[in-house]
Amino acid sequence: MFPEIAPPSLGFMPSIHDPLVVAASFVIAVLASFVTLDLARRVRTSQRRIGLIWWLAGSLVMGTGIWAMHFLGMQAFRLPIALGYTGLMTLLSWVAAVGASAVALGVASLPRFRAGQLAVGALAMGGGICAMHYIGMQAMEMSIAIVWDWKLVALSVAVAVLASASALSLFHLLHRVNNTRRPLYQGVASVVMAIAICGMHYTGMAAASFPEGSVCLSDNALGGPGLTAVIIIATGMLLVSTLFTSILDARLQSTARLLTQSLQESNAKLQDANAELQQRAFADALTGLPNRLLFEDRLIHALLRLERANHHRVEERLGVLFVDLDGFKPINDSFGHAAGDAILIGAADRLRAEARESDTVARVGGDEFLMLLEDVNNTADCIAIANRVLAILSQPFEVAGKQVQIACSIGVVVHPDHGDRHKLVANADAAMYAAKRAGGNCYALFEPHMGSDASDQLELQNDLRQAIKRGQMSLHYQPKIDGKRGSINGVEALLRWNHPERGMVSPLEFIALAERFGIINQLGAWVIDEACRQMADWARSGMRMRVAINLSVHQLRESGLADRIGAALTFHGVDASQLLCEITESVAMEDTQATQRTLEGLANIGVFLSIDDFGTGYSSLNYLRQLPARQLKIDRSFVNDLEHQEDARAVVHAVVRLAHALGLRVVAEGVETSGQRDILLAMRCDELQGFLYARPMPPDTLLAWAQGDKPEGSADFAPSVIGSLGNL
Ligand code: C2E
Ligand code: MG
Ligand code: MG
């Protein structure tokens, strides 16, 4: 690269460098640097063994590359005499190059790189390169010793050390460059390194002068243009194939990395999903409290801990509090479910705040909560907590800007004092019912006689599931009498359960149970079909009767109710206008999408709606106007008070006028006396329903009654119009 010509005046031989071979040596130097930089990255792998293999291979390849550059530099060197290189020294110079490379790669692969390490690395590497060079020079056995210019020798050593330092620093800089720009930076770095290595070599060559008359004793050893070609081709192939291997390995590694990464990601997602599922399986979605499952699990563990503690004669106890909100249902019905939810969340927060760290608060039903109290000493401790819960839950809740007050009933069970450990929750439930029966807003300690209640409910619920199949269900019908004409305007179908042991069970008892245990939709479906069947049956007997059925909120929330009703009507060949659906005021006001869709669906198939128990909820007039309702039923409680309370009269009067203004017919339910009847008729109430006229009765009795047979016990009333549908 830098042809040096020794001045002949000093008695030295003139020397030249073959520019082509110099160029080749430079290309080999660039290639060797590029490959080395690439390999150095490989050495830094997390797997020690693989790192070691790359280090060995890298040292060999890099050393060979540097050595080849040097040897080609020597081959480019021409003196007027024939030159050759002894095999042993040439081999030694190669060993020095490989050694220097091993040091360089070792330093380059250190995870952290301090100035001291850089200095040691650069010295070792520079020293190695110099050793290679000068040993290589010794491979030329000259008859007269080479004359050295020591300044230039020192300069060549400095160049070697600096070149090594820059190579090592460059390598570390490369680490901070991103993947797309790395080849460019690596290319530039390789050229810099090649200039440095060549610079050292040719400075070293310039330092050597060969006296006139000197001959090379090893001129018949290694040398000649054939060797140059062999070295260029062999080293070139070695470097290129190593580079390919390195690139291939990088690809494989990055694919493996991507694969591992995506595996880790999907694994993380799987774990997230799993955690979410676990959370859902054990937590109540509304309040975030543990659910019954988690509560029972905690209870089992708490009991085990307690047994262990008591085994060591530590007298500890465990309490279970069953907390049920009083008056929640009416509030939920009146203010809507969003408000109900807000109260439940608020109650949950208060209970959580009242509980200690070691306690568990769970939501186990609509408005039912369980508290597991650990580390309590006696019953008094549990009662103290029950009293605190009573106090915090009776603080008003703020719902939609209004202050709402509720209370709660608490059943208290203390283990091991209060019976079987497997029945703790059932006994707490029974105690809670006792508190409810005592008027609510209080707690009750479990007593053995209370135990029957819970199992009673369970038994009744089991029986109820079988009731339809066993033919124990029937519908009774109570007439609605037209105020003006005194004729039957229709009947209300009321569900009856003829229990084999208990006799007739009131819907007030079993509808709530069916709603609580998810049997209501099954019962409701039976009612729809049975009412339609009955209408068809009566029609065949010559009586066209309008029938009202009661719908539970659970049925309205169920999708496909309108379709089910439509199908039953079609199946029995009954006109949709003959069927009326009674829904309680609070349910009608429920502004949820599911309910609204059902109400619209019912209106679409031509079924009329009646708003039941009007006056017990909080209706929005505007909303009432939008409902597809035809009828409004004034709640029994107002009718009951009509004769004695001015307030009740004022309310009923207002409701009648309001309903008429909205184009609705008014029905008064629970009319028991003629006094009530007179007042209602004076207020222009459209229809009357109650024991005064008739009690709910089986279909055959109703047919006979409607045809003029007055059943025993009913008031002095006989329907005047039979067989036609009145106004609606
Ligand atoms: P409701 O829809 O308000 O039905 C009227 C209730 O008042 C009936 O009680 C009826 O027997 C009673 N009643 C009628 N006239 C008088 C009277 O003059 N004085 C008094 N004190 N009571 C009278 P029942 O049959 O016990 O039904 C109670 C409630 O059970 C019904 O109230 C209704 O909400 C529900 N229910 C009845 N059958 C069904 C049904 O098939 N499905 C659903 N979801 N609920 C039903
Ligand atoms: Mg009703
Ligand atoms: Mg009613």
Side-chain angles (χ1 to χ4, degrees), residues 329-330 333 464 467-468 472-481 490-498 503-534 546-558 561 564-565 568 579-588 598 608-617 629 631-643 667-677 680 687-699 701-702 713-715 717:
K329 198 173 176 304
D333 290 347
L464 187 55
I468 295 178
Q472 295 164 355
M473 287 296 173
S474 61
L475 284 180
H476 281 195
Y477 299 87
Q478 186 180 33
K480 294 176 182 173
I481 308 299
V491 290
E492 178 177 7
L494 294 156
L495 192 55
R496 294 290 175 265
W497 179 16
N498 193 358
M504 282 293 180
V505 185
S506 157
L508 289 175
E509 208 174 321
F510 69 78
I511 292 289
L513 199 70
E515 285 178 340
R516 192 170 161 197
F517 290 99
I519 320 173
I520 190 69
N521 284 330
Q522 186 195 342
L523 281 183
W526 183 84
V527 169
I528 292 165
D529 188 70
E530 174 60 15
C532 292
R533 190 201 62 74
Q534 189 60 62
R546 178 174 284 129
V547 174
I549 56 169
N550 290 282
L551 294 179
S552 152
V553 65
H554 296 269
Q555 285 174 277
L556 287 169
R557 287 188 199 143
E558 178 195 34
L561 177 76
R564 182 192 289 276
I565 293 181
L579 186 74
L580 204 72
C581 288
E582 291 193 8
I583 50 175
T584 54
E585 182 190 8
S586 50
V587 174
T598 306
F608 295 135
L609 291 184
S610 169
I611 301 173
D612 205 354
D613 304 341
F614 191 81
T616 54
Q631 195 178 76
L632 196 145
K633 293 180 80 176
I634 300 178
D635 190 62
R636 248 196 334 269
S637 56
F638 294 102
V639 176
N640 198 34
D641 297 339
L642 266 185
E643 286 171 294
V667 180
E669 61 179 16
V671 184
E672 290 181 354
T673 68
S674 47
Q676 291 164 351
R677 175 196 61 197
L680 287 162
E687 288 176 35
L688 308 171
Q689 177 187 357
F691 295 167
L692 174 70
Y693 298 99
R695 288 183 179 260
M697 45 196 145
T701 319
L702 183 102
S714 75
F717 171 83

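Quick note: numbers below take in every heavy atom, side chains included, and nothing from hydrogens, waters or symmetry partners. Treat the numbers as computed from the prediction; the structure is a model and nothing was measured. We count ligands from 1, going down the list as the structure has it; atoms in each ligand are counted the same way.
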Legend entry - Proximity to ligand 1 by part of Pro696, non-hydrogen separation under 4.0 Å: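 The answer is the side chain of Pro696.
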
Inset, instruction - Determine whether the side chain, the backbone, both or neither of Gln478 has a heavy atom under 4.0 Å from any heavy atom of ligand 1. - result: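 Side chain only.
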
Legend entry - Options Phe691, Trp526, Phe510, ranked by nearest heavy atom to atom 13 (N) of ligand 1, top entry: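 Heavy atom nearest to atom 13 (N) of ligand 1 belongs to Phe691.
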
Going by the atom numbers of ligand 1, which of them fall below 4.0 Å from some non-hydrogen atom of [X]?
X	result
Glu672	17 (C), 18 (O), 19 (N), 20 (C), 21 (N)
Pro507	24 (P), 25 (O), 26 (O), 27 (O), 28 (C), 30 (O), 37 (C)
Asp613	3 (O)
Val527	41 (O)
Arg496	11 (O), 25 (O)
Asp612	1 (P), 2 (O), 3 (O)

Legend entry - Taking every non-hydrogen atom, the tightest pair across Gln555 and Gly524: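 In this case the closest contact between Gln555 and Gly524 is NE2-CA, 3.1 Å.
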
Legend entry - Where Glu558 and Thr598 come nearest, the two heavy atoms and their spacing: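 Distance-wise, the nearest heavy atoms are O-OG1, 3.9 Å.
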
Inset, instruction - Check side-chain hydrogen bond (donor to acceptor under 3.5 Å, both in side chains) between Gln522 and all other residues, then give those that pass, not counting sequence neighbours. - result: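 If we apply the side-chain hydrogen bond (donor to acceptor under 3.5 Å, both in side chains) test to Gln522, skipping adjacent residues, there are no hits.
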
Inset, instruction - Could you tell me whether any N, O or S atom belonging to Glu669 is less than 2.8 Å from the Mg ion (ligand 2)? - result: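 No, outside the cut-off.
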
Inset, instruction - Please note down the angle at the Mg ion (ligand 2) between OD2 of Asp612 and OD1 of Asn550, to the nearest 10°. - result: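 Once rounded, the angle between the two atoms at the Mg ion (ligand 2) is 90°.
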
Inset, instruction - Report yes if some N/O of Leu495 lies less than 3.5 Å from some N/O of ligand 1; otherwise report no. - result: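 Checking ligand 1 against Leu495, an N or O pair does fall under 3.5 Å apart.
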
Inset, instruction - Could you verify whether a donor N or O on one side chain and an acceptor N or O on the other, from Glu492 and Asn550, lie under 3.5 Å apart? - result: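 Yes.
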
Inset, instruction - With rounding to the nearest 0.5 Å, note down the distance linking CD in Gln689 to CD in Glu687. - result: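 Result: 9.0 Å between the selected atoms.
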
Legend entry - From CD (Gln631) to CZ (Arg546), nearest 0.5 Å: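 Between Gln631 CD and Arg546 CZ, I get 8.5 Å after rounding to 0.5 Å.
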
Inset, instruction - Taking salt bridge (Lys or Arg N to Asp or Glu O under 4.0 Å) as the test, write out the residues that go with Glu515, two or more places apart. - result: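 Listed in chain order: nothing, the list is empty.
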
